[in-house]
Number of protein chains: 2
Amino acid sequence: MENRLKELKKVTKKLQILNQNQRANLIQKIADAIENNIAKIIEANAIDLQNAKDLSPALQDRLKLDEVRIKSLADGIRDIAMLKDPIGKIHDGWSAKSGLKIEKISVPLGVIAMIYESRPNVTAEVAALAIKSANGCALKGGKEAINSNLALASIIKNSLGEYGGCIEYFDISRDEVLEFIRMDRYIDLVVPRGGEGLVKFVSANSSIPVLKHDKGVCHIYVHKAANIQKALDICVNAKCSRPGVCNAAECVLVDESIAADFLPLLKARLDKFSVKIHGCQKSVNIINCFEATDKSYYNEYLDFELNLKIVGSLYEALDHIDEYSSGHSEAIISDDYAACEEFLSRVDSACVYANASTRFSDGGEFGFGAEVGISTCKMHARGPVGVDELTTYKYIIRGQGQIR
Amino acid sequence: MENRLKELKKVTKKLQILNQNQRANLIQKIADAIENNIAKIIEANAIDLQNAKDLSPALQDRLKLDEVRIKSLADGIRDIAMLKDPIGKIHDGWSAKSGLKIEKISVPLGVIAMIYESRPNVTAEVAALAIKSANGCALKGGKEAINSNLALASIIKNSLGEYGGCIEYFDISRDEVLEFIRMDRYIDLVVPRGGEGLVKFVSANSSIPVLKHDKGVCHIYVHKAANIQKALDICVNAKCSRPGVCNAAECVLVDESIAADFLPLLKARLDKFSVKIHGCQKSVNIINCFEATDKSYYNEYLDFELNLKIVGSLYEALDHIDEYSSGHSEAIISDDYAACEEFLSRVDSACVYANASTRFSDGGEFGFGAEVGISTCKMHARGPVGVDELTTYKYIIRGQGQIR
């Protein structure tokens, strides 16, 4: 493993000398190669699907690659090739008192390791994002997708010619993963993308900096000045459009003064999706629902299940979010200017919305092309992570012989 | 400890509601209080100096606070108050396809813990930097400065009135430090500033993100097209002006074509400071010096001691730096445009210089006011860390009822 990582680091140095057009061309080659090998990919994927017969239909569907999906994957990769280049961007520049000219300029991180579960698309998407940002990448996918991942990795590597060594797929056991995430001499960043268990395991054991994609306990606060129709649409969208993702809402906070009118309307809409509601004592007095405990409010259900709480004021909503939110995404629904601004300013989460669904916390929706994931860290990158977040910076300083 | 940190986090929330003028006023109050309590600080410092009689004169000097130094500390803190406010800066903003208006805006990190050795000034400087960036701060200084630190911390807290709780000094044992650096519910960032042992201990044991101030194995590469006079001045300055700091040079690389002329001149200048030189085999043939081993080149001497290596080309210099540098600061001395640009672009260190001494890698010299330290991490902050690096960002998204 160490030798492969050493070689990966070495080839990555070569990649970093290329200009942006050359890197974009490499990404186009990945897209072409994927389209030219559809049959091969489907064949490998069929073995994974055969082995996955005991998994839930939803998981089987996530795993599945067909012609349409593979073509759409290739198109997505072409979009990444066309993104604005993230490298060599001058963030800042000034002349210091000494006369030195200082520039703060974006540069690649180095080698990025991605440990992910399920969807084999990630293999190709992350490879493309890495090359776009002039980084090498070490991939380790879930074992349920191993044949699809190996086929994709091999197609990608071949398409890159002498730069094929920038992408390495590691088919390793859990014990070896432990060794892998301590290879800080060769890897600059580890991104775990998957269930809570995986993220916790990597965070607890890695000696390399970790970009966490933690849980999303997202809140919608329906303020007393909310447009009721918008509030209903947004609550339903945030919970029900795709309950299994991290930007789905897990809790709706409703202002006390409108609760008696709003809750029955909300319940009627949620009942269409058979959403199981856990409400506070006051909610239970208004609608028929389960009673929530203090602990319920920490839950990320990732299912048709929702917490509900009636709050006396904006500040009670802010305090609740402060305590129970995972810092991912929260929204206020209100037509009141001051309330919206106060909420946007006070809430300490990666994405804070006024009058929109939390479901927009997504690299694609933000316009980043594909995303590496959504960070709940405060350090380095927060929220949707695109190619810009796969860079660091350095200072370039030009002098005329200055000494100090 | 947990209760104090909980309270610190709570008061920090109050601090974050203040506007920039109110925060700047708090910092002015710290400066005034320090100036008004010079006698008290000197008294406490005298006890530390009394206890430090067995330390080296250099360390005793670092520990010492007199009227001049305290006044200069107060002035430095007033400079921090006047810095451009790092909070609420809009890094980027755009309209997404959905019509959502997205802003990426700088916000405080939360609570910053600083674990430092020796100089008691740090107590006041970090408190001021934290308040400037609307962060709370948990301080833990070295035991040799405990009386000075406690006196300063108490003066600072008193000067802040109801916001005094934003600054907490922890007089705790090493065992308790272990507990401290796992308080990730209350602390957002730990900055160890001190010897290699401290940095390693914190990095290895913290569950909180760590901003490392690792060693500085800095290089000066004297290219064949170097202006010899400038090269000599810069090498001597980079090694001898303050050999005990991380931005001091530890190795000079000299182009083979000029080595026979340059090395004797360099040795003559270094001899004035009695610098012990460890040279490669080729150097030993030119000047009288110790022979370096491959391992020598990893050394951070922090003393009047220097590695020397003759290299055949710019690329050999780059390869050497790649292997032995700690990623802090490197410089090329050359009048050749292409060589300078190649060096500036290729070297992957926090600060890369053309024709200037590495000693300028410093928050003050960069114009950041005081500095928290110099980061050798690639994630979040790299190079001199000022108030801008004590922030994170969030996305503020304004909609008109958008659902997805």
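Every chain is numbered from 1, with letters handed out A, B, ... down the list of sequences.
- Taking the side chain as every heavy atom from C-beta outward, Ile397(A) and Phe360(B) never approach each other to under 4.5 Å.
- Put simply, of Asp335(A), Ile17(A), Asn227(A), Val236(A), the one with the most heavy-atom pairs under 4.5 Å next to chain B is Ile17(A).
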Go through it in stages, so that I can follow the logic: the residues are Leu189(B) and Met379(A), the test is side chain to side chain contact (heavy atoms under 4.5 Å, CB included), and I'd like the CA-CA distance, side-chain angles, deciding distance and then a yes or no. CA-CA 8 Å; Leu189(B) 174 67; Met379(A) 302 297 292; 3.2 Å; yes
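- Closest non-hydrogen pair, Gly399(B) versus Ala356(A), comes out as CA-CB, 4.4 Å.
- Ranking Cys351(B), Pro209(B), Cys340(B) against chain A, the residue ahead of the rest is Cys351(B), based on heavy-atom pairs under 4.5 Å.
- Scanning both residues, Val347(B) and Lys394(A), for their nearest heavy atoms gives O-NZ, 2.7 Å.
- When heavy atoms are compared at a cutoff of 4.5 Å, Glu389(A) approaches chain B solely by way of its side chain, counted from C-beta outward.
- Taking NZ from Lys13(B) and CZ from Arg346(A), the interatomic distance works out to 9.0 Å, rounded to the nearest 0.5 Å.
- Residues satisfying the ring-ring contact (aromatic ring centres under 6.0 Å, His included) criterion with Tyr324(A), sequence neighbours excluded, are Tyr297(A), Tyr298(A), His320(A).
- Residue Ser361(B) does not touch chain A at all, counting heavy-atom pairs closer than 4.5 Å.
- Rounded to the nearest 0.5 angstrom, Ile396(A) CD1 and Ser345(B) OG are separated by 7.0 Å.
- If you measure heavy-atom distances from Ser241(A) to chain B, the contacts under 4.5 Å come from the side chain alone.
- Between the CD atom in Gln402(A) and the CG atom in Asn355(B) there is a gap of 9.0 Å [rounded to 0.5 Å].
- Note that CD1 of Ile403(B) and SG of Cys235(A) are 11.5 Å apart. Values are rounded to the nearest 0.5 Å.
- Residues of residues 84-99 of chain B lying within less than 4.5 angstrom of chain A, judged on heavy atoms, are Trp94(B), Ala96(B), Ser98(B) in numerical order.
- Both the backbone and the side chain of Ala381(A) come within contact range of chain B, judged by heavy atoms closer than 4.5 Å.
- Rounded to the nearest 0.5 angstrom, Lys378(B) NZ and His380(A) NE2 are separated by 11.0 Å.
- Residue contact with chain B, scored on non-hydrogen atoms closer than 4.5 Å, involves the backbone and the side chain of Leu344(A) alike.
- Atom-to-atom distance recorded for Asp362(B):CG and Arg404(A):CZ is 4.5 Å, nearest 0.5 angstrom.
- The contact between Asn247(A) and chain B is made entirely by side chain atoms (from C-beta outward), counting heavy-atom distances below 4.5 Å.
- Here the two rings, on Tyr353(B) and Tyr395(A), have centers that are 6.0 Å apart or farther.
- Residue Thr358(A): no heavy atom, backbone or side chain, is found under 4.5 Å from chain B.
- Comparing Gly367(B), Ala350(B), Ser357(B) by heavy-atom pairs within less than 4.5 Å of chain A, the highest count is held by Ala350(B).
- You'll find the side chain of Glu341(A) reaches within 4.5 Å of the side chain of Arg398(B), heavy atoms only.
- Per-residue counts of heavy-atom pairs under 4.5 Å with chain A were compared for Thr391(B), Ile333(B), Asp322(B); the largest is that of Asp322(B).
- Ion pairing of Arg185(A) with Glu323(B) is present here, as a side-chain N (NZ or NE/NH1/NH2) and a carboxylate O approach within less than 4.0 Å.
- Residue Ile105(A) does not touch chain B at all, counting heavy-atom pairs closer than 4.5 Å.
- Residue Lys10(A) qualifies as open at atom NZ: its count of foreign heavy atoms under 6.0 Å is 12 or below.
- With a 4.5 Å cut-off on non-hydrogen atoms, Val107(A) touches chain B through its side chain but not through its backbone.
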